[in-house]
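Okay, structure first, notes after.
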Amino acid sequence: MFGAKHILPKGNPPLESAYDAVLIGGGLHNLATAWFLAKEHNMNRVAVLEKNYIGYGGAGRNTAIVRANQRTQKNIPLYKEALDLWPVLTRELDFNLMFYNCGNLNLLHSEAAVKAARTNIATAKFLGVESHLLDAAETAKRVPALNLSQKITHPIHGAMYHPPGGIVRHDAVVWGLAKGAAEKGVHIHQQTEALGIATKNGRVTGVKTPAGTIYTPRVLVSAGGYTAGLLYHMLKIKMPISVLTIQAMVTQPLKPLLDHVVSSGAYHVYANQTLKGEIATGAHMDPWPNYTTQTTAGYIKHQAEALVELMPCLAGVKFMRSWAGLADMTPDMAPIMDGNDPVEGVYMNCGWGYFGFKSCSATGRYMARFLATGKCPDRLKPFALARFKNHRLMGETAALVNYTPDN
Amino acid sequence: MKRLTSLPTLRVDVGRPVPFVYKNQTGRGFKGDTIATALYAAGVRIFSRSLKYHRPRGLFSLDGESSNTMMTVNGVPNVRTETTLLAEGAMIRDQNAIFTARNDLLGFMDRLDRFMPAGFYYETMHKPASLWPVAAKMVRKAAGLGRIAPDFRFSGACDEMYPAADLCVIGGGPAGMEAALAAADQGLRVILLEARPWLGGSFDYRERGSGEDAPLYRQAADLASRVSTRAAIRVFTRTAMVGGYSDNLVTAVTEGGPDDPFDYRYLEMRPRAVVVATGSRERPLIFENNERPGVMLPDCALRLARTYGILAGREAVFSVGHDLGLEAALDLSELGLPVRAVADVRTKGHDPALVRGLADRRIPFYPGWAAAAVEGKKGVKSVRLASCDGGQYRILTCDLLAAAAGHTPAVEPLSLFCGPLAYDGQTGYFLPRTYPAGVFAAGRIYGLEAPQNIRISGRVAGLDAAAFCGADCRGAADAHRNELAALPMGRPASKWVAFPGPWRKHFVDFDEDVTGKHIRQAVGRGFGVPELIKRFTAAGTGPGQGGISGHNLPLLVAAIKNPSRDRTDIHGTVPAPTTVRPPLRPVFLAAYAGSGREMVKRTPVHDAQAWEGAVFRRVGVWHRARYFSADLDVSEEVDNVRTNVGMLDASTLGCFRIFGPDALSALQRVYAGDMSKIKDGRVKYAAMCNHDGCVIDDGVVIRIGENDYMFTTSTGRAGETVEWIRYHTRFDNWDFHLVNQTDGTGVINLAGPRARDVLERVTDADVSNQAFSFGCWKDFSLSGGIPVRCLRLGFVGELSFELNIPASYMQAAWDMLRKAGSGFGLRPFGVEAQNILRLEKGHVILGQESEQRTNLLDLNMGFLFSRDKDIRPVGADALLQAEKDAGRLTLVGIRMTDSSCVPPDGSILVDDQVVDPVIGYVGTIRKSRALDAVVGMALVERAWTAEGTRLAVYDGGGEPSERHDATVVRMPFYDPEGIRMRM
Amino acid sequence: MDAIPRRRSPVIFDARPDRIRDSGGWRVVQKYADEGRGPYLVDLSHLPRWDLQDSDLSSHFPAGVPVPETIGACAITENVLVSRMNRTQAGIWHLAPGGPGMPDEPAFTDIRENTACLAVLGPQAFSLSEKVCRLDLSTPGHHPPCLLQGPFGGVPCQVALLENRSGREGFVFTFSRGYGRDMVKALLAAGREFGLRPAGEDRMTRMKDDFW
Amino acid sequence: MSLLIHCPICGRRNGYEFRYGGEDKGAYPAGRSLTPEAWYEYVHANTCSAGVVAEWWCHRHGCGLWFTIFRDTRTNRQVLEHGGRS
């Protein structure tokens, strides 16, 4: 009944001398791309190179929250498609991704926040994504632990309620996609670092690894927080990215207390209760670049201060574990998906910041189409790198961002 | 149970009973008891039920390595009763059981383990698809240990402290105390952290040390008194380190004692050096039912007796792999615990004195043997001992099995500083590969067991730390190092893993009910390293944070992957253990939150406004008055400004002086406009952009002297302005100086047609339109000599005097104006009224009408951009490049067709005929009583900006088909000629 | 015209004044009825404070003395503390009434209105400081009087150490005026266990032999 | 991780007292106006190096100075006391 098959490949498949596509980075986006390349484009001579173990980076260090209530019409459809894909992937991969459709509540703490939420709600609803505005009393009915006092730092005015969202077990997505892709012939090479990208006459020719060069006409670099650094050091392409550490933590397991994903911009907090009963919470990024995946003392304290004010009963609950991952932030909080510019055959998929998990399924599908056809799908066109030099920031964030010197 | 009352090591005061209530029955412990020791003494053996299989769990250790003894105390769930001091009247309950932990109706779960292999969730419950949502809800209900009520309120007092020190010693055992003394001798300021309520570490409850003169507990007491009387050493007991970070940042939490003014105190410190001397624990022995109540670590049994006066059982068997285990067996036997047998997996290398002691007491000793299984459902009934080669076995009845495979260093604090650990073949420990500067370790953590060695290693570490901090003591450190090297090493503990088998009920991790079988399954499915196995099986993710499984998990993985190897010789193949992360032990959110201090700025007329009924909102770092009326549409406030006169507290606006030879150059760099053209006595409106040309701030600039200017900023930008200007001039070597006068400058905006009437009653200055016209500024005095700088501006579109008043005079000025204005209908107005008033004038508030991506030109403010200044301002290149782009969102005024329809701010503008149907965003929109119309400002795509264009507004409330009609109209809406503000 | 308008400190103590002096609109409490046995919290916000900025500080003699050359060093003369903040900037704080007037030079700015100024004096002043800031006030590396610039009570402050010998502890600090009320609240809460009480202006003058 | 920065004026301080000011890219390029590419290169483009990087910091909550440091982004540690510019 159980345990018949491998989930992760035991040991590496043989590293072939040529592949139709080489995907650098063994995270969710590339595993999804590999799956869709094999499934929808019959391209299965594909190698995924991972310097550590698959799912070791952001794939295993994210909020696990999924939703489609972004701000602009360029973004929402992509996330909506991603949201719709979870049950589909569960079926197709025959692996329980544990999509728990509990709905998301974005708390609003000021008139300005209510205004911003209205824009998101109106845009989402206009594009067919369910989203509502709740007043403070309705919000408290859904989350009885909330503090409705006016005396807190940021009193609660209401919430943006997004019923289609929820949480997905992130490790399951990694393992399910890896299992599915490998079954279709994709080669997943763990502990295999890409050392360089070989080019000739403005075209990619291969990828250098410790075991020699792999020849390939197309390379997709999507290695989470490391993507921008790899693009610069391999190809001298400079990205408008700042890589920050983002942290999360969990409390000791509790019987059901929170029935929704709750988040608050003013307090820099999200919190949801996992299936195991832990309250998973996080959101903070220290606003300077670094590649450590270590947590900070300042943050766990800040998180406690915020939660104790927002949900006072949590004062009697204990934090027991924290971790961190990398978020590659762009100046407009929207990702960069591009290809064949400036190097023919080199594709990039990065800048997801802290949205990479929720989007991976749909993005993988579009990136697979991009790689297979060489043509950028319309859905991805707004995410081109050139938007920055053209002063066309995306509008995903209404406020200035704090991790670049440009504010 | 009768306690042993005459032991010199006792830490409970048997003369001071402490009553408690457990499951509606009263019991009694003693002062000094933890909740768990009091319960144990009262006969409680089953403390909880496990997470998944609902197996009974009991007292296994005393330092909180597992969730076994987590209970609900006074409504607080998941309390670690083994480390929590018993308090008078504590109300104690079991958790995670239906009925009680002793008789749990979910106990049958233990038999279903075959259906719950490692990772079973991933491959079940999703077929058919409709099953999962139902199953997920059931899983959620079953999961979780304790319960907390949504209305629970934490009653303890919490605060925080950031003690300064040169050295922080973690661990108040003999090594730590020696380190602290040695460093203090060298002049260092030392902090010593000890998690237990007393100093002494493992010496505190031990009698014998091989070849020592004084009993160990006496040595501990001697060291403790020396440490406690040294002024340079600050001792924090009941203080567990919870976090360690780079550059020696240490966090810890103190649990307050009866005399402390707090219940929990968060500590954070950044000493120059750290000595970690946290000693070692015992490595759990893995065998069948190795976590039955009645199985405990030998050290736990010893401490129960020596520290708390409790004999843990009636009849005991020991299975150990280390001399301390033998010592515990012998000591407990001497204290009156009948010991039926002692097995030791080591065939040789035991301390001969201890072996002799066992023989003297006629205790059967089995070298090369270990426990293989225990029988008994809710407690230990018998133990099966077997020879390690599997050839022989023996079954012994007993109710207590004290079992451990050897030592495991309490290396977690060290790992936080040092990073990844690696297997050390010598000790069988996982130890740091490298030590960062200023981090040292001492004592048993290194595998030292002889008391003398432990103490000397402490001195070495203390002196090394002192030398690192600059003390001249390298020679002394080296002398002690050599002394230590010359002493014989301790006898190594065993590296035993487990008997071969399927390991179905061999628990590697208690919290998550992870067995050896689960580990084997995970490895078999491709999860080859502990870090991945942790994710797949959840081993090490529970409240004990790997305290039980940390050392054994990598050993088991090595054994599984190398089945042919001798089970005691797998080093070289042992993978790294999982990463250690803070907090090292679970910490109340309340404790982390600490004093919960909040620092917010109040303006000098905060109280005056509160007295007038103001409702305040946080705006950046300030409290600002948003409304004065009970009805939130503020129509009375607005009307009063239009018809009489109002006063607004605008003290939160940024106010700066900039002076020096290059002050003008600096202004030219940050402001888009040309600041060289400021006329004396005139006010210049100006905007700052970032490199993208996006507007980040606006305000006014005036020239107050030669190379001397004053300028204002928005409330939100005031805090960033000085660093912004310094940043954008950092390569210029310009000579200019900035003074932030925001807090010192109170501002009252006196606005409305009667504003002059009011002002004339409080000043002798000529404020007539001839003497002081729109767009000018002037210094004069109010009655009694209050100095003011007055600017004639028109943000709200009426005759306005913006009075800049020294903060200390603000209250007096406010009162004076209030009195003078009583005959003119003067009343205060708040930020929301201002919002409507300025909207009617078409004046933009940044962040409200503009987005992050909105540039100066998008806001039709090109007149604030000077293209040909000598000094190129920040944002100029982007503005020049974007100027040619016709695809940008641009600000327009809109008017609703139906004047009774007021869509909310943030509504969107839509057009179904185009590919991207969202064509704009409404910034602010309000019913204007002055205009009897609903007007607003919106950012729209360029193609929809022409005057008269029809727009469809969608507010997100109803269905997307429900739109409201609007038209693009010219701004300003109110008083387009600007006559009223020029009156 | 009429009476002198009242000037107000951003700081209000909830304590009963015992002696008050009036000075140019300020009502200064010289002594409170119960000031305890220390540590003491004294409000000096009403006394003059100046900012001095010039690329060449050596040409200025605020309160008649040169600005210390070393950054972070302070000089105290005539109850006026002069601190060197950086290459081009100095702070001048009056710690008692009756000091000299501000020189009429553009390099000086009167910043009394911009900041609040508090002193914490007496035993355990540094123990208290450890509860509200991460700055190391007690290190033997400091040679009082000297200046530290950093967060105190969570907001940026200028902290002048007057003396850091055990038993004779004291520091004066300034911060943005708007935080006055919350700062006092935070200090009194943190200082409760040490017996911190509000004290009048005279306390500073009375204890000055401990410090300068 | 924690951040400890040596301010040239105030010495070793908690990293939260400082504000990050970007990779040190030198002064804004001279010349009347930049091409979009050159503008992008200066304003938005980063090397995102995992290693030692020269960067600007401001002692926001202390003395207010802007200065450069060298920091290793892999360990989040400053590697030299001063970066040379302030």
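Residue numbering restarts at 1 for every chain, and letters A, B, ... go by the order of the sequence lines. Keep in mind the model is a prediction, meaning the values are calculated, not measured.
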Atom pair CG (A:L275) and NZ (B:K141), whose distance is rounded to the nearest 0.5 Å: 13.0 Å
Contact origin within B:Y727 toward chain A - heavy atom pairs under 4.5 Å: side chain
Worked check of salt bridge (charged side-chain N to carboxylate O under 4.0 Å, His left out) between A:E111 and B:R617: CA-CA 9 Å; A:E111 283 85 355; B:R617 293 275 190 267; 3.0 Å; yes
Six-ring centre of A:F319, B:R585 cation under 6.0 angstrom, axis tolerance 45°: no
Rounded distance (nearest 0.5 Å) linking atom CG of B:D877 with atom NE2 of A:H391: 8.0 Å
Rounded distance (nearest 0.5 Å) linking atom OG1 of A:T119 with atom CD of B:E851: 8.0 Å
Proximal component of A:Q273, with respect to chain B [non-hydrogen, under 4.5 Å]: both
Distance-only side-chain donor-acceptor flag, B:T541 / A:K276, under 3.5 Å: yes
Which atoms of B:A118 approach chain A - backbone, side chain, both or neither, heavy atom under 4.5 Å: neither
Side chain to side chain contact (heavy atoms under 4.5 Å, CB included) evaluation trace for B:V922 with A:K115: CA-CA 9 Å; B:V922 178; A:K115 175 203 160 190; over 6 Å; no
Which portion of B:P917 sits near chain A, non-hydrogen atoms under 4.5 angstrom: both
Side chains of A:M98 and B:H126 in contact at under 4.5 Å (non-hydrogen atoms): no
Residue part contacting chain A, namely of B:L145, when any heavy atom lies under 4.5 Å: both
Whether A:K125 side chain and B:P960 backbone form a donor-acceptor pair below 3.5 Å: no
Chi angles and distances behind the salt bridge (charged side-chain N to carboxylate O under 4.0 Å, His left out) call for A:D259, B:R140: CA-CA 10 Å; A:D259 291 334; B:R140 232 171 93 72; 2.9 Å; yes
Spatial distance of atom CD (B:E123) from atom CD1 (A:I7) [nearest 0.5 Å]: 4.5 Å
Cation-pi check, A:K301 onto B:Y592 ring (under 6.0 Å, within 45° of axis): no
Region of B:E723 that comes under 4.5 Å of a non-hydrogen atom in chain A: neither
Among A:V308, A:T90, A:V317, A:D332, residue most engaged with chain B (heavy-atom pairs, under 4.5 Å): A:V317
A:A297 versus chain B, the contacting section by heavy-atom distance below 4.5 Å: both
Part of B:R520 lying under 4.5 Å from any heavy atom of chain A: neither
Backbone N/O of B:G146 and side chain of A:K255: donor-acceptor pair under 3.5 Å: no
Top contributor to chain B interface from A:R392, A:Q294, A:H154, A:E305 [non-hydrogen pairs under 4.5 Å]: A:R392
Which residues share a salt bridge (charged side-chain N to carboxylate O under 4.0 Å, His left out) with A:E130, sequence neighbours left out: none
Interchain contact, B:D885 with chain A, by part (heavy-atom threshold 4.5 Å): side chain
Verdict with supporting geometry, A:W175 and B:F536, ring-ring contact (aromatic ring centres under 6.0 Å, His included): CA-CA 10 Å; A:W175 300 331; B:F536 192 63; 5.3 Å; yes
Structural part of B:D912 lying under 4.5 Å from a heavy atom of chain A: side chain
Working for side chain to side chain contact (heavy atoms under 4.5 Å, CB included), residues B:L532 and A:Y56: CA-CA 9 Å; B:L532 293 177; A:Y56 229 59; 4.2 Å; yes
Heavy-atom proximity to chain B below 4.5 Å, by part of A:L258: backbone
Top contributor to chain B interface from A:P87, A:A122, A:G277 [non-hydrogen pairs under 4.5 Å]: A:A122
Pairwise side-chain contact, A:T72 with B:V918, heavy-atom cut-off 4.5 Å (strictly under): no
Distance, nearest 0.5 Å, that separates CG of B:N96 from CG of A:L254: 11.5 Å
Best-contacting candidate, B:Q521, B:R153, B:K137, against chain A by heavy atom pairs under 4.5 angstrom: B:R153
Taking every non-hydrogen atom, the tightest pair across A:C313 and B:I148: O-CD1, 3.4 Å
Value rounded to 0.5 Å, distance of CZ in B:F588 from CD in A:Q252: 8.0 Å
Residues that B:E962 engages under salt bridge (charged side-chain N to carboxylate O under 4.0 Å, His left out), provided they are two or more places apart: none
Part of B:R618 lying under 4.5 Å from any heavy atom of chain A: side chain
B:N78 side chain to A:P253 backbone, donor-acceptor under 3.5 Å: yes
Flag side-chain contact, heavy atom, 4.5 Å: A:R118 against B:D905: no
Selection from A:K74, A:H132, A:M311 maximising heavy-atom pairs under 4.5 Å formed with chain B: A:K74
Top of B:V529, B:V874, B:T924, B:L584 for chain A proximity - count of heavy-atom pairs under 4.5 angstrom: B:V529
Heavy-atom contact with chain A under 4.5 Å, split by part of B:A135: neither
Segment of A:A172 engaging chain B (4.5 angstrom heavy-atom cut-off): both
Part of A:R91 lying under 4.5 Å from any heavy atom of chain B: neither
Heavy-atom pair count under 4.5 Å with chain B, highest-scoring of A:L257, A:N147, A:V114: A:L257
Chi angles and distances behind the side chain to side chain donor-acceptor pair (under 3.5 Å) call for A:R169, B:Y122: CA-CA 9 Å; A:R169 176 87 182 109; B:Y122 302 114; 2.9 Å; yes
Which atoms of A:T293 approach chain B - backbone, side chain, both or neither, heavy atom under 4.5 Å: both
B:K127-A:N96 side chain donor-acceptor pair, cut-off 3.5 Å: no
Donor-acceptor under 3.5 Å (B:Q852 side chain, A:P331 main chain): yes
Any B:R581 side-chain heavy atom under 4.5 Å of A:R321 side chain: no
Residue selection (most heavy-atom pairs with chain A, distance under 4.5 Å) from B:S67, B:G596, B:A593: B:A593
